[in-house]
A.B. asks: 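Got a structure for you, written out below as structure tokens; questions coming shortly.
Just so you know, ligand 1 is whichever comes first in the structure, and atom 1 is the first atom listed for that ligand.
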Amino acid sequence: MTLGRRQFIRIGGAALGGAAVASGLTTRWWGLDRDRIDDPGTEGDRVVATFCELCFWGCGVKAHVKDGRVTKIVGNPDHPLSRGMLCPRGAGGTGLLYDPDRLTRPLVRRQKRGEDVFEAVSWDAALGVVGEKLLAVKRQHGPEAVALFTHGSGGSWFKHFMKAWGSPNVGAPSYAQCRGPREAGYLLTFGTPLGSPEPIDLANARVITLIGSHLGENMHNTQVQELAEAIGKGAELVVVDPRYSVAAGKARYWLPVKPGTDTALLLAWMNVILTEGRHDADYLAKHAVGLEELKAHVADKTPEWAWPHTGIRPELIRESARFIAAARPASLVHPGRHAVWYGDDTQRMRAMAILAALLGSWGRRGGYLSYGKMGVPAYPVAEPPHGGASAADRPKAGGFPIASEVIASGLCDASVPGSALYDLKAWIVYGCNLMQALPSRRQTIAAIQNLDLLVAVDVLPAEICGWADVVLPECTYLERDDDVAAPAYKQPFLALRQEVVPPLGDSRPGWWIAKGIAEKVGLGPFFPWKDAREYVDVRLRKGGFDVDAARAAGVVLGRPIATCEEEGLPVQIPTESGKIALRSEQLAKLGFDPMPVYYPQEEGPPGHFRMLMGRAPTHTFGRTTNNRLLAEPFPENEVWINADVAKALPGFERPLATGDRVMLVNQDGARSGPVRVKVTERIRGDCVYLVHGWGQEAPRLRQAHGRGASDAALVTRYRTDPIMGGTGMNVNFVRLEPAGRSA
Ligand code: MGD
Ligand code: SF4
């Protein structure tokens, strides 16, 4: 059965975000109407509990199966991350499962890289080519010459392969192209990165400050549920965003900051809070170092100083600072997630962390919590050898001293002959569309053209597959078992990924593919399990868990833990000194500013707008753009442009109107589109905005191909964060051109 739009929205209606699809900006958006529709029953369906992979939040789902087909997916009420509700993407998972464009046969390239001409072959033949080429690379260049890019739960099998193989070069764009600066900023300040789900207490916060975080459009199920709960209990929002986001529409204060000046605003807020004595002095005396230095550092960073930089009037800066401080410690500065904006992002995240510290919210109810994990013993297998330092992290490249993961863009650099890091010759790419995920597509292609082998493991014929030598079709999350998930959370839990229906065509699960490659290169003994199910059962049994009960429920709940000072847990600050670093000696020793400094950003060329990018609640990057169910409510992205600016844009004969199509051309002449225009007063006049993941060029993605514009294609420049290696991408500028004009 294929679901039509109405049915999809109805199913989504049982979910909080589903209401968003149907009703846009109304209060239903947030689930505030509490109109959860109970699952009407199984009607004889077989129901399998597993967890979602439409994004990486990991909500528990129950998948209904009738006549061998998955008919609907609903939230698992026992799972702490879904609490019985899904976002629209999770409810639309069958759109991926039954996508007519899915990869179902292994493919081997028969022509030049990038020409997308492949031959379907048997698994034995495909794995044989991979094994042979990997061994050739190893003979000539050593095992470290192989890199793995990975994103998603099935990646764990390939990480295990890399350990057995002996290469430390394992990276994910979700670090240096996403949350890396945040992790570094919080690590430097509080002694720990935040991870996912972020340990924040949205539900009990009285004031929630969002700095460029468009929560709600950026859909992380439990956080959006808790935000709705908090608002329902009277919490207020302060939103700092050049765009009037959906969250801004709910806010007491919206500060339309000039892009790139958030650090100036944060310093001015600190100035107001400290000079007016609104900080938590007792908490800071007990838990922090560097308060006097910080006071001196921000003494001249008055709201009047910040005004010309940020465009925010001094009285609004003062008023909002007082409002934020009045709710402390239950005043939550949300840490955001996609933080790679300008290349000085670790310092901006430090400023946010320091503000949270001034409010005394770390370790306190309504602020930052301490999460716990459930332990599960490892599968008994010989510990594989470990390789040396990753090519992407070596000091010879200048090094990124606070990076806690391998830099994916660094792996790309390390594949280009002549670069300081060069020594990578083969890539295994699991669940990453690097053409959309990495900055500077030209550099990515240059790196790929120098490889001896590129293997793509994907469910769809994404752009990266067109560049691969061998494409290995993985089955979707609904057709496979994976390793047990045990994330840190306030309610510790284990979650099981279980096959709901058998794999379509000749697609195979990640565990099977990784084991198959290992066997071809003589590493079979490191993969002794029969399958993922046996692997997980052994782990659970060793841990004393009831395997049948776990499989029936899809989730095992641990003992509730104390998460904050109010519950009797002392404030945890695992820095070396045991204190919050308002001034960072670690940064000072490394030659960086010990306290955040605001440096103005470069302006764009005349007639250009800074390009900002974000998310839509119905999509996750480019991974859902081909999903026909999710394409119904959101078929393509639009470029947002300010209504006044759109009245007289050079090159256009009449004022631009919503729905007109334009091309976007960046400062280096890169082009993308045609894309529809959204003319709106909801954005400043100096920038434009796009939802990321569109403008896909892969011809076999018949739904997504050619729709909208690709922000990634327009990111020809980036600025690297010297502290952790993140690639700031909001340093590109575009102009609009009438569609149809040739390059
Ligand atoms: P996705 O886009 O989710 O992640 O970038 P990636 O790490 O590339 O991955 C997409 C690929 O995974 C698709 O090809 C999809 O078909 C495949 N896939 C989906 N499900 C499965 C599965 O079950 N198994 C396998 N094997 N493959 C699967 C995300 C990264 O991009 C992140 S996290 C962020 S925050 C950044 N965002 C961003 C941005 O906003 N703008 C620009 N210009 N670049 C960005 N790069 C970053
Ligand atoms: Fe799936 Fe949505 Fe949960 Fe992400 S937030 S795991 S897409 S239901």
A.B. asks: Is the closest basic N to carboxylate O distance between E499 and R508 below 4.0 Å?
C.D. replies: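 The answer is no: the pair does not qualify as a salt bridge.
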A.B. asks: Taking only heavy atoms of L460, which atoms of ligand 1 are found under 4.0 Å from at least one of them?
C.D. replies: 16 (O)
A.B. asks: Is it true that the side chains of T625 and W694 contain a donor and an acceptor less than 3.5 Å apart?
C.D. replies: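 No - no donor-acceptor pair under 3.5 Å links their side chains.
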A.B. asks: Could you tell me whether R348 and D345 make a salt bridge, using a distance below 4.0 angstrom between a side-chain N and a carboxylate O?
C.D. replies: yes
A.B. asks: Check each heavy atom of Q696 against ligand 1 and say whether those closer than 4.0 Å belong to the side chain, the backbone, both or neither.
C.D. replies: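 No part of Q696 comes within reach of ligand 1.
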A.B. asks: Just jot down the ligand 1 atoms closer than 4.0 angstrom to any heavy atom of V459, in number order.
C.D. replies: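 Heavy-atom distances to V459 below 4.0 Å select 16 (O), 18 (N), 19 (C), 20 (N), 21 (C), 22 (C), 23 (O), 24 (N), 27 (N), 28 (C).
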A.B. asks: Between E183 and Y175, do the side chains contain an N or O donor and an N or O acceptor separated by less than 3.5 Å?
C.D. replies: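 E183 vs Y175: no donor-acceptor pair found between side chains.
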A.B. asks: If the cut-off is 4.0 Å to any non-hydrogen atom of N433, which atoms of ligand 1 fall inside it?
C.D. replies: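 Every atom of ligand 1 under 4.0 Å from some heavy atom of N433: 8 (O), 9 (O), 10 (C), 11 (C), 14 (O).
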A.B. asks: Would you call E479 and R102 a salt bridge, taking side-chain N to carboxylate O under 4.0 Å as the test?
C.D. replies: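 Yes, charged N to carboxylate O under 4.0 Å.
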A.B. asks: Is it true that E697 and R441 make a salt bridge, defined as a side-chain N closer than 4.0 Å to a carboxylate O?
C.D. replies: yes
A.B. asks: What I want to find out is whether R700 reaches D101 closely enough, with some N-O distance under 4.0 Å, to be called a salt bridge.
C.D. replies: no
A.B. asks: Strictly by modelled atom types, are D721 and T346 linked by a side-chain donor-acceptor pair under 3.5 Å?
C.D. replies: yes
A.B. asks: Give a yes/no verdict on whether any heavy atom in T620 is under 4.0 Å from an atom of ligand 1.
C.D. replies: no
A.B. asks: Is there a salt bridge (Lys or Arg N to Asp or Glu O under 4.0 Å) between K159 and E405 once you walk through the steps?
C.D. replies: CA-CA 13 Å; K159 287 183 194 163; E405 292 181 28; over 6 Å; no
A.B. asks: Please determine whether a side-chain nitrogen of the Lys or Arg among D481 and R497 lies less than 4.0 Å from a carboxylate oxygen of the Asp or Glu.
C.D. replies: no
A.B. asks: Using only heavy-atom distances, determine whether the side chains of Q177 and S409 contain a donor-acceptor pair under 3.5 Å.
C.D. replies: yes
A.B. asks: If you take the centroid of each ring, where Trp contributes its six-membered ring, are F56 and H151 closer together than 6.0 Å?
C.D. replies: yes
A.B. asks: Out of all atoms in ligand 1, which are within 4.0 Å of some heavy atom of P173? Include the element for each.
C.D. replies: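 By the 4.0 Å cutoff, the relevant atoms are 7 (O).
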A.B. asks: Please indicate whether any nitrogen or oxygen in V457 is less than 3.5 Å from any nitrogen or oxygen in ligand 1.
C.D. replies: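 V457 vs ligand 1: N/O contact under 3.5 Å present.
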A.B. asks: Using a strict 4.0 Å cut-off to heavy atoms of S174, name the atoms of ligand 1 that fall inside it.
C.D. replies: 33 (S)
A.B. asks: Can you check which of R615, R623, Q436, M613 brings a heavy atom nearest to atom 37 (N) of ligand 1?
C.D. replies: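 Of the listed residues, R615 has the closest heavy atom.
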A.B. asks: Can you find an N or O of T476 that's nearer than 3.5 Å to an N or O of ligand 1?
C.D. replies: no
A.B. asks: For the residue pair Q225 / R83, report whether a side-chain donor-acceptor contact shorter than 3.5 Å exists.
C.D. replies: yes
A.B. asks: N/O to N/O below 3.5 Å, does that happen between D458 and ligand 1?
C.D. replies: yes
A.B. asks: Pick, from G510, G155, G431, the option with the minimum heavy-atom distance to atom 12 (O) of ligand 1.
C.D. replies: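 The option holding the nearest heavy atom is G431.
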A.B. asks: Side chains of Q223 and H334: donor-acceptor distance under 3.5 Å anywhere?
C.D. replies: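 Indeed, the side chains of Q223 and H334 share at least one donor-acceptor pair under 3.5 Å.
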A.B. asks: Around atom 1 (Fe) of ligand 2, list the protein N/O/S atoms within a radius below 2.8 Å, excluding water molecules.
C.D. replies: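 Less than 2.8 Å away from atom 1 (Fe) of ligand 2 sit C52 SG.
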A.B. asks: Need the ligand 1 atom indices (1-based, order shown) with element for anything under 4.0 Å from a heavy-atom of C178.
C.D. replies: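 Those qualifying, in numeric order: 34 (C), 35 (S).
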A.B. asks: Find all atoms of ligand 1 within a distance of less than 4.0 Å from any non-hydrogen atom belonging to A462, and give their numbers and elements.
C.D. replies: 14 (O)
A.B. asks: Which bit of F149 gets closer than 4.0 Å to ligand 1, counting heavy atoms only: side chain, backbone, both or neither?
C.D. replies: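 Neither; nothing of F149 gets under 4.0 Å from ligand 1.
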A.B. asks: Verify whether one side chain among S415 and W427 offers a donor that lies under 3.5 Å from an acceptor in the other.
C.D. replies: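 Side-chain D/A pair, S415 to W427: present.
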A.B. asks: Are E198 and R179 close enough for a salt bridge, meaning some N to O gap below 4.0 Å?
C.D. replies: no
A.B. asks: Considering heavy atoms of the protein only, find what lies nearest to atom 43 (N) of ligand 1 and give residue, atom and distance to 0.1 Å.
C.D. replies: D711 OD2, 3.1 Å
A.B. asks: Does G154 reach ligand 1, in the sense of a heavy atom lying below 4.0 Å from it?
C.D. replies: no
A.B. asks: At less than 4.0 angstrom from any non-hydrogen atom of A437, what atoms of ligand 1 do you find?
C.D. replies: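 Result: 5 (O), 6 (P), 8 (O), 31 (O), 44 (N), 45 (C), 46 (N), 47 (C).
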A.B. asks: I'd like to know whether ligand 1 has R480 as a neighbour, heavy-atom separation below 4.0 Å.
C.D. replies: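 True for this residue.
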A.B. asks: Test your reading of the structure: does H151 have an N or O sitting under 3.5 Å from an N or O of ligand 1?
C.D. replies: yes
